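Have a look at the structure below, then the notes.
Just so we're clear, the structure is a prediction, and the values are computed from it rather than from any experiment. When reading the values below, keep in mind they use all heavy atoms of this one structure, side chains included, and skip hydrogens, waters and symmetry mates. Note on naming: letters A, B, ... go to the chains in the order of the sequence lines (proteins, then strands), and numbering restarts at 1 for each one.
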Protein chains: 2
Amino acid sequence: MDRSSGKRRKARKPRPDGEESRQRILDAAAEIAGERGYDGTSIAGVSERSGLPASSIYWHFEDKDALIAAVIERSFERWLDGMRGWLEPHTAASPLEHLEQGLRLTAKALLDSPDFLRLGLMLALERRPEEASARKLFLAVRARTFERMLASFSALFAGRLDGRQVRMLATLTMAAADGLFIARELDESLDLAAHLESAATGVLAVAERLARSGPSTRSRTGRAE
Amino acid sequence: MDRSSGKRRKARKPRPDGEESRQRILDAAAEIAGERGYDGTSIAGVSERSGLPASSIYWHFEDKDALIAAVIERSFERWLDGMRGWLEPHTAASPLEHLEQGLRLTAKALLDSPDFLRLGLMLALERRPEEASARKLFLAVRARTFERMLASFSALFAGRLDGRQVRMLATLTMAAADGLFIARELDESLDLAAHLESAATGVLAVAERLARSGPSTRSRTGRAE
DNA sequence: ATTATCTATAGATCTATAGATAATGC
DNA sequence: ATTATCTATAGATCTATAGATAATGC
């Protein structure tokens, strides 16, 4: 059924309304999944909100799991668009400016396309045995982002902090972003950019303190890679 | 059906196995809800895992919503047990020690009974229109904890920070706790206590910076109460 | 000929209840 | 008499598919 994976795509051009319908289905699924999570997203609901029958959904997507994974994938691409400029190598003058720029872009991306992180965190907190492809996709994407942050902190504190300490800084930064995102979801009047900026101040203060106290201050805090 | 709300409880003593069954149902529901969220928790699943028929579940709880709310309520009580000592007024010598003690207890409580925050965050991220009683309960409990933190920070920085600044500190602290909890859920080798302690260092650094720069430094960051 | 949508429905699962039966309290 | 469990099932909803039909590409 599913021809979205592009395996043996025919040379022939598809009908123009097909892609539009696919997007309408993804829009509806993203809305509902963002409201109600994985199990709360029913095919009937997506069908109703998109205006297309259930069988059309199954024509475009293999099954419900693939549909949710596609929602994550698309929202991640939009998210990446928002973060472009930071991820491209060396558009900022100094490592510190690079981090600050990353922060501003993160705040903007979180506000522009919150579906990605909201649904992603919901999937991450769930630990269902089967049907994990959407969750796996989110975790892979998240790991990649973490590696970027690691590289950024490494450049900023080269020679002053060891790998374990840099990893802790990146963990704290990502935790602050996740936590502040949740706070803002629960209170939309919260100024996300200002809070992220304060959090960055705190992370840098932790970094200075770690740098002064030398490498390997306490028992291991994370698994070696 | 539901006699759990204790409205017109008869003078007569209930059978001893009743309460035990109720707890087994709650155990099973907590496990499944922690794995799969609200919609993923089916009565059939709870019935199978608890060993009691569905009708027994409905004898003990009004409906599924009440069951999930009871799960939240019980895990919150256990959580509170872990936090007792911090919440009771003035067991610590200084405000700073009070905060540090709260931090240690938070780490311990998060590790001992993670169900409360895991399920709570899942519910918080969802925004379903109906069936909100479990979610409301979690948010109320969360708000109370936030107020305690606010009082604690107020005492610690009395006269040096205004209400808005104290609120930002509490928001950052709670965000760090939420975010680090998620990080630890995704990587159970993560040393939660050490990371929380580092986060606290960062929050205090932010506080010092705010105190030095005087009150009302930038545009409002939160809604007035 | 291929792409996409439509109607209709099979079969599984889910929430909730009816009504009989067992166990305990007074 | 009340508390609690048991069997059985109604009725709704959910995932997924079958098969007819429409629209477009070549």
Side-chain angles (χ1 to χ4, degrees), chain A residues 1-26 28-29 32-33 36-70 128 130-131 133-134, chain B residues 1-26 28-29 32-33 36-70 128 130-131 133-134:
Chain A
M1 295 294 144
D2 167 47
R3 28 100 288 165
S4 64
S5 53
K7 288 284 179 185
R8 25 94 204 143
R9 171 80 47 97
K10 292 298 158 66
R12 182 171 180 169
K13 205 165 83 178
R15 280 162 56 182
D17 52 344
E19 183 56 27
E20 193 195 310
S21 294
R22 193 185 136 93
Q23 295 301 324
R24 273 170 56 201
I25 292 168
L26 284 174
I32 299 175
R36 318 181 59 110
Y38 189 106
D39 282 286
T41 306
S42 75
I43 298 297
V46 175
S47 168
E48 192 186 1
R49 208 175 292 197
S50 68
L52 287 161
S55 53
S56 285
I57 297 173
Y58 283 98
W59 194 88
H60 286 282
F61 302 94
E62 167 123 31
D63 55 21
K64 183 175 153 174
D65 193 36
L67 171 62
I68 305 285
R128 69 186 60 252
E130 4 60 60
E131 307 173 310
S133 77
Chain B
M1 295 296 146
D2 167 48
R3 29 99 287 166
S4 64
S5 54
K7 288 284 177 184
R8 26 92 205 146
R9 170 79 46 99
K10 293 295 156 73
R12 181 172 182 168
K13 204 165 85 177
R15 282 162 54 183
D17 52 343
E19 183 56 27
E20 193 196 309
S21 295
R22 192 185 136 94
Q23 294 301 322
R24 273 169 56 201
I25 292 168
L26 284 174
I32 299 175
R36 318 181 58 111
Y38 189 105
D39 282 286
T41 306
S42 75
I43 299 297
V46 174
S47 168
E48 192 186 1
R49 207 175 292 197
S50 68
L52 288 162
S55 53
S56 284
I57 298 173
Y58 282 98
W59 194 87
H60 286 283
F61 303 95
E62 167 125 30
D63 56 20
K64 183 175 153 175
D65 194 35
L67 170 61
I68 304 286
R128 71 186 59 251
E130 3 59 62
E131 307 173 310
S133 78

Query raised in the report: With respect to the phosphate group of dT3(C), does any side-chain polar atom (N or O) of H60(A) fall under 4.0 Å of OP1 or OP2?
Result: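 Looking at the OP1 and OP2 atoms of dT3(C), neither is under 4.0 Å from any side-chain N or O of H60(A).
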Nearest whole angstrom, please: distance from the [atom2] of [N] to the [atom1] of [X].
X	N	atom1	atom2	value
Y58(B)	dA16(C)	OH	P	4 Å
F61(A)	dT17(D)	CZ	P	15 Å
D39(B)	dT13(D)	CG	C1'	12 Å
I57(A)	dT3(C)	CD1	P	20 Å
Y38(A)	dC14(D)	OH	P	15 Å
I25(B)	dA4(D)	CD1	C1'	10 Å
W59(B)	dT5(D)	CH2	P	7 Å
K64(A)	dA16(D)	NZ	P	8 Å

Report summary line: Secondary structure of DNA chain C per the Watson-Crick/G-U criterion (both distances under 3.5 Å; [ ] crossing, | other strand, . unpaired) is ||||||||||||||||||||||||..
Query raised in the report: Looking just at side-chain N and O atoms, do Y38(A) and D65(A) make a donor-acceptor pair shorter than 3.5 Å?
Result: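 A donor-acceptor contact under 3.5 Å links the two side chains.
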Query raised in the report: Given side chains that start at C-beta, do those of W59(B) and I25(B) come closer than 4.5 Å, heavy atoms only?
Result: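 Side chain of W59(B) against side chain of I25(B), heavy atoms only: no contact under 4.5 Å found.
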Query raised in the report: From dA16(D), dC14(D), dC6(C), pick the nucleotide closest to the side chain of D63(A)?
Result: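 It is dA16(D).
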Query raised in the report: Between dC14(D), dT7(C), dT7(D), which one does the side chain of P53(A) approach most closely?
Result: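 That would be dT7(C).
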Show the nearest heavy-atom pair for residues [X] and [Y], with the distance to one decimal.
X	Y	answer
R49(B)	A28(B)	CB-CB, 3.9 Å
L52(A)	S47(A)	O-OG, 2.6 Å
T41(B)	A29(B)	CG2-O, 4.4 Å
K64(A)	D39(A)	NZ-O, 3.8 Å

Report task. Count the heavy atoms belonging to other residues, nucleotides or ligands that lie under 6.0 Å from CD of Q23(A), then report whether that count exceeds 12. Result ->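 Correct, the count exceeds 12.
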Query raised in the report: So what does S47(B) hit on the nucleic acid, given a heavy-atom distance under 4.0 Å: a base, only sugar-phosphate, or nothing?
Result: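 The residue S47(B) makes no contact with any strand.
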Query raised in the report: Got a donor-acceptor pair under 3.5 Å from the side chain of S55(A) to the base of dC6(C)?
Result: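 In this structure, the two groups form a donor-acceptor pair.
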